[in-house]
Asker: 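Before anything else, here's the structure in question.
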Amino acid sequence: MIYYQAKNNFLNKKTLLITGAGDGIGREAALTYSRFGASLILVGKTKLKLENVSKEIKALTGKDAKVYELNLLTASLKQYQTLSHKISENYLHLDGVLHNAGLLGVIAPIIEQPANLWHDVIQVNLNAAFMLTQVLIPLLLKAPNASLIFTSSSVGKKGRSGWGAYSASKFAIEGLMQILAEEYKNSNLRVNCINPGSTRTNMRLSAFPEENQMQLKTPAEIMPTYLYVMSHDSVHQTGISFDAQPNCKKAYPE
Ligand code: NDP
């Protein structure tokens with residue numbers, strides 16, 4: 001199976017923002033992009049987790065990552081605007097954004113999905129990604145080339161019984177990605193989705209508690225696709241939903 005082999009330091013002088021960067025796939029993406037030279041803005045709910053990732057980045061690369069605590073469930077448009085303003089005070093542009101934060105909600109048939117949880121999942125997985133994108137597009141358009149990445153799921157492409165709000169939110173993310181890709185097709189901004197596939201994280205564990213976690217790919221193993229979609233090699237690719245599996249290989253030992 002072919003996997004993407006990124007060139008050393010290909011993200012030098014690039015500034016990337018990642019949501020949900022404190023844990024799971026987002027944490028691994030932050031460490032990986034940083035190892036390839038990127039400067040990172042880490043956004044997430046739990047400040048301590050973000051600070052720990054920032055420390056790991058410092059130890060690995062000597063770089064200082066910016067930490068920005070933001071609860072995507074409760075954040076107002078004003079808070080997104082403040083974040084964008086703070087970034088523009090420190091950087092001329094953004095080279096990439098990875099919308100990675102996600103909420104599972106409950107696995108239950110539609111008739112049993114609690115309305116409040118439905119709202120929360122749509123708020124974190126869809127509305128937050130919309131608002132953050134809206135305030136960051138001006139910074140992305142100032143970059144020579146920029147990559148905007150949303151995180152999808154196999155249940156965002158084919159509905160599956162019991163996956164309720166989560167599945168609906170991922171279908172909507174695929175749609176949002178396609179709309180943006182069309183709107184910016186004549187610009188420097190490319191817009192794509194990545195479906196990580198089954199990956200060994202807390203979210204996967206809570207969805208499938210009975211599963212043997214050791215048989216799943218680790219976040220590190222799915223990074224080749226994350227590197228490719230952020231790299232100059234994908235500069236002409238927009239409007240695509242990439243599957244991170246099975247094109248996997250650890251970029252580094254864990
Ligand atoms: P994790 O649960 O391990 O990580 C989710 C991340 O999202 C955490 O950093 C979490 O922060 C953050 N987050 C959750 N709620 C909020 C919030 N309200 N505000 C800010 N940040 C928040 O999940 P994964 O790493 O597995 O998932 C990453 C992405 O991949 C998600 O979009 C998920 O839907 C998608 N995905 C995962 C698959 C898998 O098998 N793992 C398969 C398909 C898609 P905190 O830890 O502080 O709560």
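Counting starts at 1 for both ligands and their atoms, in listed order. Reckoned from all heavy atoms, side chains included, excluding hydrogens, waters and symmetry mates.
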Asker: Specify side chain, backbone, both or neither for Val124, according to which of its non-hydrogen atoms lie closer than 4.0 Å to ligand 1.
Answerer: side chain
Asker: Any N or O of Gly44 that comes nearer than 3.5 Å to an N or O of ligand 1?
Answerer: no
Asker: Considering only heavy atoms of Ser198, which atoms of ligand 1 have at least one such atom less than 4.0 Å away?
Answerer: 40 (O)
Asker: Does only the side chain of Arg27 get under 4.0 Å from ligand 1, or the backbone, or both, or neither? Count heavy atoms.
Answerer: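 Neither part.
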Asker: Hey, is Leu70 one of the residues with a heavy atom under 4.0 angstrom from ligand 1?
Answerer: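 Per 4.0 Å heavy-atom rule, Leu70 contacts ligand 1.
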Asker: What residue and atom, counting heavy atoms only, is the protein's closest point to atom 30 (O) of ligand 1, and at what distance?
Answerer: Thr151 CG2, 3.3 Å
Asker: With respect to Thr199, determine whether any N or O atom, backbone or side chain, lies less than 3.5 Å from an N or O atom of ligand 1.
Answerer: yes
Asker: Which is it for Asp23 and ligand 1 at heavy atoms under 4.0 Å: side chain, backbone, both or neither?
Answerer: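 For Asp23, the contact with ligand 1 is made by both the backbone and the side chain.
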Asker: Check each atom of ligand 1 against the heavy atoms of Gly24 and keep those under 4.0 Å away; list them by number with element.
Answerer: 3 (O), 25 (O)
Asker: Which ligand 1 atoms are under 4.0 Å away from a heavy-atom of Thr46?
Answerer: 45 (P), 47 (O)
Asker: Could you report the tightest heavy-atom contact between Gln113 and Ala165, atom names first, then the distance?
Answerer: OE1-N, 3.3 Å
Asker: Applying a heavy-atom cut-off of 4.0 Å, say which part of Ala101 lies close to ligand 1: side chain, backbone, both or neither.
Answerer: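 Under 4.0 Å from ligand 1, Ala101 contributes backbone and side-chain atoms.
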Asker: Can you find a non-hydrogen atom of Gln123 under 4.0 Å from ligand 1?
Answerer: no
Asker: Would you kindly specify which portion of Asn100 sits under 4.0 Å from ligand 1, judged on non-hydrogen atoms: side chain, backbone, both or neither?
Answerer: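 Contact part for Asn100 vs ligand 1: both backbone and side chain.
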Asker: Measuring from atom 11 (O) of ligand 1, which candidate in Gln245, Met203, Lys45 has the nearest non-hydrogen atom?
Answerer: Lys45
Asker: Suppose I only count heavy atoms of Leu73 and a 4.0 Å limit; which atoms of ligand 1 are within that range?
Answerer: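 Checking each atom against Leu73, I get 18 (N).
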Asker: Using distance alone, decide if ligand 1 has a nitrogen or oxygen within less than 3.5 Å of any nitrogen or oxygen in Tyr166.
Answerer: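 For ligand 1, there is an N or O atom that lies under 3.5 Å from one belonging to Tyr166.
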Asker: Any N or O on Leu72 sitting closer than 3.5 Å to an N or O of ligand 1?
Answerer: yes
Asker: For the residue pair Lys170 and Lys157, establish whether any side-chain heavy-atom pair is separated by less than 4.5 Å.
Answerer: no
Asker: Of all the heavy atoms in Pro219, does at least one lie under 4.0 Å from an atom in ligand 1?
Answerer: no
Asker: Among protein heavy atoms, which lies nearest atom 18 (N) of ligand 1, and at what distance?
Answerer: Asn71 OD1, 2.9 Å
Asker: Does at least one non-hydrogen atom of Ser152 fall below 4.0 angstrom from an atom of ligand 1?
Answerer: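 The answer is yes: ligand 1 sits under 4.0 Å from a heavy atom of Ser152.
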Asker: With backbone taken as N, CA, C and O and side chain as the heavy atoms from C-beta onward, which portion of Lys170 lies under 4.0 Å from ligand 1: side chain, backbone, both, or neither?
Answerer: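 Under 4.0 Å from ligand 1, Lys170 contributes side-chain atoms alone.
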Asker: Answer whether the closest heavy-atom distance between the side chains of Phe36 and Met230 falls below 4.5 Å.
Answerer: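 They are not in contact (no side-chain heavy atoms under 4.5 Å apart), so the answer is no.
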Asker: I want to check something: taking the side chain as every heavy atom from C-beta on, are Leu40 and Val53 in contact at a cut-off of under 4.5 Å?
Answerer: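 Result no, sub-4.5 Å side-chain heavy-atom pair not found.
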